[in-house]
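Hydrogens, waters and symmetry mates play no part in the numbers below; they use all other heavy atoms, side chains included.
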Amino acid sequence: MKTVLLSILLCIYSFTYSQIRLPKLISDGMILQRDVSTKLWGWAAPDERVTLEFNKKEFNTIADKDGRWTIQLPSQPAGGPHQMIFFASNKIILTNILFGDVWVCSGQSNMELGMDRVKDKYADIVATVNNPEIRQFLVPDKYDFEKPREDVESGQWLEAKPENILKFSAVAYFFASDLYQKYKIPIGLINAALGGSPAQSWMSEEALKKFPDYYNELQRFKSRDLISKIESHDKKANDAWYSLLNKTDNGLKNHWSQARLDDSDWPQMNIPGYWADADAGNVNGAVWFRNEVEVPAKMIGKPAKLLMGRIVDADSVFVNGSFVGTTSYLYPPRRYEIQPKVLKEGKNSIAVRVINSSGKGGFVLDKPYYLIAGDDSINLSGSWKYKVGTKMDTLTRSTVIRWKPGGLYNAMIHPLLNYSVKGTIWYQGESNTKKPSEYLALMTTLIADWRVHWHQRNMPFLFVQLTNFMDTHTTPSESSWAELRMAQLKILDVQNTGMAVSIDLGEWNDIHPLNKRDVGSRLALQAMRVAYGDKKVIASGPLFKSIERRGNKLILSFSNTGNGLISRGGNPLNYFSIAGADKKFVWAKAEIKGEQVIVWNEAIPDPSFVRYAWADNPQGANLYNQEHLPASPFEATLQNPSITTPRN
C-alpha cells in the first residue's frame with residue numbers, strides 16, 4: 001500500500017513540477033524591448049529541455065538543477081504582432097507580441113493614479129482612445145522584506161482602449177502617447193508604483209547599506225512576528241475607535257440621513273470650509289451636514305451626478321434619504337452617481353456624514369460642489385446646516401508597513417529585472433519632504449542600484465520635480481518642498497537623467513493635481529532628448545548655470561534657454577529673492593538681459609545668496625523659455641557658485 005501511495009505521489013510531483021512555467025510579464029500581448037538581445041526566462045523541471053519557436057527558428061536550453069532556464073533571443077526590430085511557442089513536457093503559446101520600447105513607471109501616487117481619477121478632465125480621450133500599440137502591465141502592490149521575489153503575483157498586458165484605459169497610469173499614458181505620436185513605435189509601460197511610498201522603499205538591501213537607519217529598519221521588518229504584532233495592535237486600535245464612533249454617533253441613532261428631518265435648530269457654516277473655523281471648533285469624530293436644494297423639472301428623470309469636491313477624511317452621502325456613495329479617505333474627488341428615481345421636482349435633501357480622525361475636518365476649498373443632471377447643474381456651495389454627531393479623541397496613525405525600506409523593491413522591482421527596458425520614468429518625492437537633505441543621496445544611490453541590477457549602465461532615468469502645493473506666502477520663507485526640488489535639480493549631475501519641471505501644474509489644495517497630460521508630455525520631451533538622442537528638442541525650461549556679482553546686482557546665467565528667456569504673461573519677473581551674508585531673504589527685482597537674469601534689491605548692497613521659486617507653492621513664478629517650459633526652482637550662492645550647476 002505504501003509503495004502504491006509513493007508511486008502516486010511521485011507521479012503527481014512529476015506532473016506538477018515538470019510543467020514549463022513563465023513569469024507573468026512573459027505573456028500574451030507583451031511588448032518586448034526592440035534592438036537589444038532579449039532574455040526570456042521561466043521555470044521547469046531540473047535538467048528539462050526547453051524549446052522556443054519564434055519566427056520559424058528554434059532556440060533551445062536546459063533548465064538548471066533548480067529548474068530555472070533562460071533563452072536569449074537575438075535583437076529584433078520594432079513591430080509585430082508575433083507568436084512564441086514554448087515546448088517542454090507541455091506547450092505554451094503566446095500571441096499578439098510586439099517589439100517596441102518598454103518603460104518602467106515607478107514612484108508614488110502621482111505616478112500610480114489611473115486615468116480613472118482624471119476621466120472627467122479627459123473624457124474625450126477616455127471614450128475614444130484606440131491604440132493597441134500602447135500597452136500597460138500593472139504590477140500588483142506588494143511588499144516583501146525577507147527576500148527578493150522572482151515573480152509578481154498577477155498582471156496582464158492591456159491595450160490602450162476604452163475598456164482598459166481607466167487602469168492606465170495617467171502620467172504614463174500621456175508620456176507614451178507623445179512618444180508614439182513622434183516615433184510610431186510600440187510603447188510598453190510597466191506600472192510599478194505605490195501611493196505614499198518613500199524612495200527607500202524602492203532600494204535593494206545592498207543599496208540600503210549606505211543608509212544604516214534604513215538598512216537596520218529593513219532587518220527589523222524581516223520579522224513576521226513584528227509585523228503581526230504591529231498589524232494586530234493597529235487593527236485593535238482602529239476597530240475600537242470606529243466602534244465607539246458608530247456607537248455614540250447621534251446622527252446614526254436618530255437617522256440624520258433621512259429625507260425629512262427637523263434641523264431648524266442646527267447651526268450653519270459655509271461649504272466648502274472646515275468646521276474648526278466655525279463654532280464647532282477643532283473636534284474629531286462625526287459631523288453631519290444637511291442642505292435642501294430646489295431641483296427644476298428639467299433635471300428630473302435623468303442620470304444625475306453629485307460632485308462633492310474633496311472631503312477630509314471620510315464621508316457617506318445621502319440624497320432624499322437614499323445612500324448614493326462613500327469614500328474612506330481624504331484624497332479622491334467625490335463623484336457620486338444618483339439614480340434617476342432618487343431626485344424629485346422641488347425640494348431635495350442632501351445629507352453628508354463626515355468622519356475625521358485627526359487635524360481639521362471638512363470640505364476642501366476651491367473644489368467643485370455641484371448637483372448635475374444632463375446639461376444643467378446646481379451649485380451646492382454656500383450655507384449648510386451642520387451638527388456634531390459625536391466627539392472623539394484623535395486616532396493614532398497606523399504604521400504603514402508596506403512603505404518600510406526595501407519591501408517594494410523586493411516584491412515589485414526585483415521580479416522585473418530580467419526584462420529589458422528602454423528606461424524609467426519616476427514621479428516621487430512628496431513622502432521624503434520631511435528629510436529633504438538626504439534625498440539626493442537616496443536617489444543617486446537608487447538610480448545606480450537599478451542600473452546595476454538591470455545590467456543597463458546608462459539606463460535613462462527621467463523624473464518629475466515636485467509640483468506646487470499648499471498655501472502661498474507673501475514673504476520669502478523656508479520650505480522643505482523647495483529643498484527637495486533643489487535636491488532633484490542636483491540629480492541632473494547623474495548621466496542620462498532628465499527632469500520634468502511641474503511647478504506650474506499643481507493645485508494648492510490637492511497633492512494629486514489633475515493635470516497629468518502636461519506632466520506626461522514634459523517627461524516625453526526628456527525622453528526624446530535623453531533616450532532617443534534628439535538634441536534638437538528643447539526638453540526643459542531654463543536651468544540655473546552660474547552666478548556673479550556686479551555692484552549690488554547678481555547676474556544669473558542659464559542653460560536650456562531655447563529661443564530665449566521670457567517672463568510668462570509679459571508681467572515683471574517675480575519669485576526671486578536675495579540675501580546678504582546673514583541669509584535673511586527679501587524679495588528682489590529681476591529683469592531679463594539676453595540669456596541672463598539680473599536681480600537686486602536696493603536694501604541689500606552686497607548680495608550673496610539668491611533663490612528662485614523657493615516655496616511650497618511658488619504660484620506665479622514666471623521665468624520660462626520661449627517654448628513655454630518653466631525654469632526650475634533653485635538656490636545659489638557666491639561662496640559656492642557651482643553648487644547648483646547640473647550636468648544636463
Side-chain angles (χ1 to χ4, degrees), residues 116-117 119-120 123 166 242-243 245-273 275 280 285-357 361-364 367-390:
D116 180 62
R117 179 68 70 90
K119 62 184 177 183
D120 290 342
L166 296 184
Y242 281 98
S243 175
L245 173 91
N246 293 329
K247 189 182 299 183
T248 58
D249 185 355
N250 288 320
L252 292 180
K253 293 178 185 178
N254 299 312
H255 308 291
W256 291 352
S257 62
Q258 62 187 296
R260 294 184 179 180
L261 182 76
D262 183 6
D263 56 14
S264 57
D265 62 342
W266 287 27
Q268 299 185 26
M269 65 171 275
N270 282 327
I271 301 299
W275 61 74
V287 181
W288 290 75
F289 294 82
R290 290 181 60 86
N291 198 1
E292 210 169 52
V293 295
E294 192 78 23
V295 179
K298 61 182 178 178
M299 294 178 68
I300 304 304
K302 301 175 182 178
K305 184 164 50 176
L306 191 65
L307 303 185
M308 291 302 297
R310 277 184 50 233
I311 298 176
V312 182
D313 291 316
D315 60 278
S316 297
V317 182
F318 307 83
V319 176
N320 292 330
S322 296
F323 173 72
V324 297
T326 184
T327 305
S328 62
Y329 66 113
L330 71 162
Y331 289 123
R334 274 48 174 182
R335 298 186 297 238
Y336 299 128
E337 303 294 329
I338 303 175
Q339 297 302 312
K341 293 182 180 179
V342 171
L343 290 179
K344 61 182 182 180
E345 184 178 358
K347 294 187 182 302
N348 290 254
S349 71
I350 302 173
V352 183
R353 183 197 191 209
V354 181
I355 298 172
N356 187 59
S357 59
F363 300 78
V364 176
K367 290 291 181 180
Y369 295 86
Y370 287 94
L371 174 63
I372 301 172
D375 296 328
D376 298 296
S377 65
I378 298 173
N379 189 347
L380 300 178
S381 298
S383 182
W384 285 56
K385 294 187 175 183
Y386 78 99
K387 193 171 185 178
V388 177
T390 185

Side-chain donor-acceptor contacts of residues 316-332 below 3.5 Å, not counting sequence neighbours, with atom names and distances?
unit_1 : atom_1 : unit_2 : atom_2 : d
S316   : OG     : T326   : OG1    : 3.3
N320   : OD1    : S349   : N      : 2.9
N320   : ND2    : V342   : O      : 2.9
N320   : ND2    : N348   : OD1    : 2.7
T326   : OG1    : D315   : O      : 2.6
T327   : OG1    : Y336   : OH     : 2.7

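Residues M299 and A373 share a closest heavy-atom pair of O-CB, 3.6 Å. Minimum interatomic distance between A304 and L343 (heavy atoms only, all atoms of both residues): CB-CD1, 3.7 Å. Closest heavy-atom contact between D313 and R334: O-NH2, 2.9 Å. Considering every non-hydrogen atom in both N379 and Y370, the closest pair reads CA-CD2, 3.6 Å. The shortest non-hydrogen separation linking H255 to Q258 is O-NE2, 2.8 Å. Closest non-hydrogen pair, F363 versus P272, comes out as O-CB, 3.5 Å.
Residue pairs meeting the salt bridge (charged side-chain N to carboxylate O under 4.0 Å, His left out) criterion with at least one partner in residues 367-381, sequence neighbours excluded, are K298-D376, K367-E507, K367-D510. The side-chain hydrogen bond (donor to acceptor under 3.5 Å, both in side chains) contacts involving residues 285-294 comprise D249-W288, D263-R290, where partners must be two or more places apart or lie in separate chains.
Note that CD1 of I350 and CD1 of I378 are 8.0 Å apart. Values are rounded to the nearest 0.5 Å.
Between V354 and W275 the shortest side-chain heavy-atom distance falls below 4.5 Å. A heavy-atom distance below 4.5 Å is not found between the side chains of I271 and L380. Residues F289 and M269 form a side-chain contact, since some pair of their non-hydrogen atoms from C-beta on lies under 4.5 Å apart.
Judged as a side chain to side chain contact (heavy atoms under 4.5 Å, CB included), and not counting sequence neighbours, the contacts of S264 are D262. Applying the side chain to side chain contact (heavy atoms under 4.5 Å, CB included) criterion to D265, with sequence neighbours excluded, gives no partner residue. Taking P333 as the reference, R117, R335 meet the side chain to side chain contact (heavy atoms under 4.5 Å, CB included) condition, with sequence neighbours excluded.
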